[in-house]
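Take a look at the structure set out below.
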Amino acid sequence: MSAKARFASYFRNPIFLRGFGYGGIFTATLSFYGFVFDNWRSQKKKEKDAEEQLKIAFEDGDKVTRGQSILKYGSPEMGNGVRYYSNFALVYDQQKRTPAWVAEQITANLLKGTANRKHSKFKPDPGVPEMFSAENSDYWKSGWSRGHMAPAGDNKYNQESMNESFYLSNVVPQNLDNNAGFWNRLEMYCRDLTKKYPSVHVLSGPLFMPKGEEDGKRYVKYQVIGQNGVAVPTHLFKVIVVEDKLGEPVAMATFIVPNEPINFDHKLTEYQVPMETLEGVVGMKIIPKLDRQIVGDLCEIEGCKLMDRTEFELYFIGRKLGSANTLHRLDKVWGELEEKKLQPDQYLKDLYNRKLVELGKTEEKTTQEGVR
DNA sequence: CGGATTGATATG
DNA sequence: CATATCAATCCG
């Protein structure tokens, strides 16, 4: 038997193995129970600490400390921080899937740009989590139009700010006639104010107002549209503050406008309310840093007169003439004047004649190219 | 200025 | 094949 084999057989000796085995098991058992005991002790200590902490958090009367314990897993997030864009700022309402409010500052200079809404598309705001965002499909065939809060017309300075204004975070479901009519004229009035005031601040947003029903009680009732359930506001609000050359506030006015068609018989002043009324309805302090004592009533000072029917029709016939790209289209728009018994002013006549020549030339050119 | 709708085309 | 995208047309 070689030394190596003897060495190996020694380890195979049952006696030796038994001795080693019992010794090993004994040691292992001891250390196992030691481990379990230590664990148990530290567990108890942790339990004691946790219990103590809960006690202290409550009993020392520090509500913040207590709150931090209560909110161990974080506070519910409403995602309602202020969002900043090129030319407006807003707070988004994840529950209603519309803005809560949109703020703007408009000036004559910023309105001068040439950005075109034809290059912009309504789409979800990439900054809003998808699960809280509205989609175009929500509005499609809903019976409601996509109404800008910061209007596209206030964002002509560059294409980027106009494109941002088409984010659905800046949009609410709005009655189409209201949007294209009364509200449109109100937006025009805001822009018109920049001719006189160097800076005009505007705050706009949706409202959900209670209404009395047959049972004599009042309810807030509103439609929700599309898969995402975008909330249709019962009213819209707009707050206007005009400033002088020094940037000092001069006058302001607050309006609450029903989200329904409003014809030319109605005056803007019918919808003027004290700012406090709006604050009560919407549950927000509006323009908290404005000293209301020193500013006048915009409607007393400026009249708050919107365009009348004739002015309005002539205005957008002018816009349509300007954007006409065929002679056929030009004449069709020109024909609207007669249909609506409107007299074109000199500006409109000149515009028509200028476009007539311009489009005549281009069409002559294209037909010649076609022949060639 | 403010919008919708439709039909053709591109795309995965 | 179903779904985006765009251009054209229309309306107040």
Side-chain angles (χ1 to χ4, degrees), chain A residues 102 104 106 110-124 126 130 133-157 161-163 165-168 170-195 202 204 225-227 230 232 236 238 257 259-266 268 306-342 347-348 351 359 363 366:
Chain A
V102 182
E104 305 171 78
I106 54 181
L110 289 174
L111 293 176
K112 274 180 185 167
T114 56
N116 189 332
R117 58 183 291 137
K118 297 295 173 200
H119 301 144
S120 302
K121 284 173 298 189
F122 287 105
K123 60 178 161 189
E130 267 183 52
S133 181
E135 296 175 279
N136 283 324
S137 58
D138 296 322
Y139 287 84
W140 192 58
K141 286 188 173 174
S142 70
W144 299 92
S145 70
R146 294 165 290 191
H148 283 82
M149 289 297 96
D154 290 358
N155 291 280
K156 295 181 70 171
Y157 191 72
S161 53
M162 174 153 302
N163 291 349
S165 81
F166 279 75
Y167 286 158
L168 294 178
N170 180 45
V171 164
V172 306
Q174 189 175 2
N175 173 273
L176 179 54
D177 285 338
N178 180 291
N179 195 358
F182 191 85
W183 191 257
N184 188 10
R185 284 185 285 142
L186 175 52
E187 290 172 343
M188 289 172 173
Y189 181 69
C190 293
R191 287 192 282 271
D192 201 51
L193 287 169
T194 63
K195 292 175 183 168
V202 184
S204 314
I225 56 173
Q227 285 260 289
V230 184
V232 180
L236 303 175
K238 202 177 273 291
V257 179
N259 189 9
E260 59 190 39
I262 298 173
N263 65 30
F264 287 93
D265 297 336
H266 292 280
L268 176 56
L306 303 183
M307 284 186 186
D308 62 28
R309 183 191 300 272
T310 304
E311 291 170 321
F312 187 56
E313 301 268 13
L314 286 178
Y315 179 79
F316 73 70
I317 282 179
R319 302 301 304 192
K320 282 194 271 193
L321 286 177
S323 65
N325 49 7
T326 63
L327 281 175
H328 177 257
R329 172 71 185 161
L330 187 69
D331 273 324
K332 189 171 167 63
V333 175
W334 191 249
E336 285 182 27
L337 287 169
E338 197 154 333
E339 282 173 37
K340 293 172 179 167
K341 311 252 180 279
L342 296 167
Y347 169 78
L348 230 48
L351 178 60
L359 292 173
E363 288 195 9
T366 52

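On a predicted model such as this, the values are computed, not experimentally measured, just so you know. To find a chain, count down the sequence lines: A is the first, B the second, and so on, and within it residues start at 1.
- Every residue meeting the side chain to side chain contact (heavy atoms under 4.5 Å, CB included) condition with A:N163, not counting sequence neighbours, appears here in chain and number order: A:S120, A:Q159.
- When atom types are taken as modelled, the side chain of A:R146 and the backbone of A:V171 share no donor-acceptor pair closer than 3.5 angstrom.
- Heavy-atom contacts from other residues, nucleotides or ligands closer than 6.0 Å to NZ of A:K332 number 12 or fewer.
- Chain A approaches DNA chain B over the interval B:dC1 to B:dT6, counting the first and last nucleotide 5' to 3' with an atom under 4.0 Å from its heavy atoms.
- A:K320 pairs by the side chain to side chain donor-acceptor pair (under 3.5 Å) definition with A:E336, not counting sequence neighbours.
- Not counting sequence neighbours, the partners of A:D177 by the side chain to side chain contact (heavy atoms under 4.5 Å, CB included) test are A:N175, A:P261.
- Partners of A:N263 by side chain to side chain contact (heavy atoms under 4.5 Å, CB included), not counting sequence neighbours, listed by chain and number: A:D265, A:H266.
- Applying the side chain to side chain contact (heavy atoms under 4.5 Å, CB included) rule to A:S145 yields the partners A:Q174, A:L176, A:N179; only residues at least two apart in sequence or on another chain are considered.
- Side-chain atoms of A:S133 do not come within 3.5 Å of backbone N or O of A:E130 as any donor-acceptor pair.
- A:R191 pairs by the side chain to side chain donor-acceptor pair (under 3.5 Å) definition with A:D154, not counting sequence neighbours.
- In this view, A:N259 satisfies the side chain to side chain donor-acceptor pair (under 3.5 Å) rule with no residue, not counting sequence neighbours.
- Within 4.0 Å (heavy atoms only), A:R191 reaches sugar-phosphate atoms of the nucleic acid but no base atom.
- For DNA chain C, the residues of residues 180-188 of chain A within the heavy-atom distance limit of 4.0 Å (strictly under) are A:A180, A:N184, sorted by number.
- As rounded to whole Å, 13 Å separates atom P of C:dT3 from atom CD of A:E135.
- Across all strands shown, A:G318 has no heavy atoms under 4.0 Å from either base or sugar-phosphate atoms.
- The side chain to side chain donor-acceptor pair (under 3.5 Å) check on A:D331 picks up A:Y352, with sequence neighbours excluded.
- Ring pair A:F166/A:H148 is perpendicular by interplanar angle, where above 60° counts as perpendicular and below 30° as parallel.
- Contact annotation: the side chain of A:Y157 never approaches that of A:K112 to less than 4.5 Å [non-hydrogen atoms, C-beta and beyond].
- Rounded to an integer number of Å, the gap from NZ of A:K320 to P of C:dT9 is 15 Å.
- Listed in residue order, the members of residues 331-341 of chain A having a heavy atom less than 4.0 Å from DNA chain B come to none.
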Can you tabulate the close N/O pairs, meaning under 3.5 Å, that link protein atoms to atoms of nucleotides 4-7 of chain C?
| from | atom 1 | to | atom 2 | distance (Å) |
| --- | --- | --- | --- | --- |
| C:dC6 | OP2 | A:K121 | NZ | 2.8 |

